[in-house]
Amino acid sequence: MKLEVVDACSLCTEAGSRDQQTGHAIVKAFTQLWQSHQKIGQKAIAKIIDTTQGWVSRFTQRWGGWQHFKKLLLLLLDSLNSGSNKNLADLDEDEKWLARTYFPMLIAESESSPEDALEHVAEVATIFTNTALRRVFNFCTPIVLADLLMIILRCLPTEVYSDFAPMQAVTNPTVT
């Protein structure tokens, strides 16, 4: 029998910590705005999830700020819904490595180390240009893109909101 450790939040959002639930709500609101072709901004997201723009901004600091967070999610969402021609020849060596090796490896290892996977995805988003990431994401399979999006959705480490919820560790001892 193969045992697998799964974060309860990945099965049911309500089972997650307050931080995880808020993060899921932010990404869901972002996706809702994107799907309805509305302007995507921190204030619009805050209004949808009934929180403050500062709270949304604080969450995105984990990703290097709002612009990096927005860029990464837009690229993933656009790539998931892209009918573009996926031509590996258009990618440089680093981009090929990301698409064929790095992202699939990161996804495979994300179950045992979700926070490390999140850090690595955020790092890639800050290093590569928007154009390069778009090429990479356009080449990735829909499964890889969906798995990368899930890494983002289930992230939300407690330290993102530590200033807002200093008692989180006491009230929810399973969150570290």
State, yes or no, whether a side-chain contact exists between L76 and L72 at a heavy-atom distance under 4.5 Å.
yes
Distance, nearest 0.5 Å, that separates CE of M105 from CD1 of I107
10.5 Å
Contact check, side chains of Q67 and K71, non-hydrogen atoms, under 4.5 Å
no
Do T51 and I45 have side chains that approach each other closer than 4.5 Å (heavy atoms only, starting at C-beta)?
no
Crowding at NZ, K28 (>12 non-hydrogen neighbours, <6.0 Å):
no
When rounded to the nearest 0.5 angstrom, what is the spacing between CD1 in I40 and NZ in K70?
6.0 Å
Pairs in or reaching into residues 125-134: which pass salt bridge (Lys or Arg N to Asp or Glu O under 4.0 Å), with residues at least two apart or in two chains?
D78-R134
Enter the distance from F59:CZ to F69:CZ here, rounded to the nearest 0.5 Å.
4.5 Å
dist L77:CG -> T31:OG1 (nearest 0.5 Å) comes out at 4.5 Å
Give, for atom CD1 of I26 and atom CH2 of W55, the distance between the pair rounded to the nearest 0.5 Å.
8.5 Å
Answer whether the closest heavy-atom distance between the side chains of W66 and Q61 falls below 4.5 Å.
no
Heavy-atom check, side chain of L33 versus side chain of K39, under 4.5 Å:
no
Side-chain touch L74/N130, heavy atoms, less than 4.5 angstrom
no
State, to 0.1 Å, how close A117 and L106 come at their nearest heavy-atom pair, and which atoms those are.
CA-CD1, 3.7 Å
Show me the pairs that pass salt bridge (Lys or Arg N to Asp or Glu O under 4.0 Å) and involve residues 135-145, at least two apart or across chains.
E95-R135
4.5 Å side-chain heavy-atom contact, D116 and E109
no
Starting from the C-alpha separation in whole Å, work towards a yes-or-no answer on side chain to side chain contact (heavy atoms under 4.5 Å, CB included) for V136 and V124.
CA-CA 11 Å; V136 170; V124 168; over 6 Å; no
Measure up the F137 and F103 rings against each other and bin them: parallel (under 30°), tilted (30 to 60°), perpendicular (over 60°).
parallel
Spatial distance of atom CD (Q42) from atom OG1 (T52) [nearest 0.5 Å]
10.0 Å
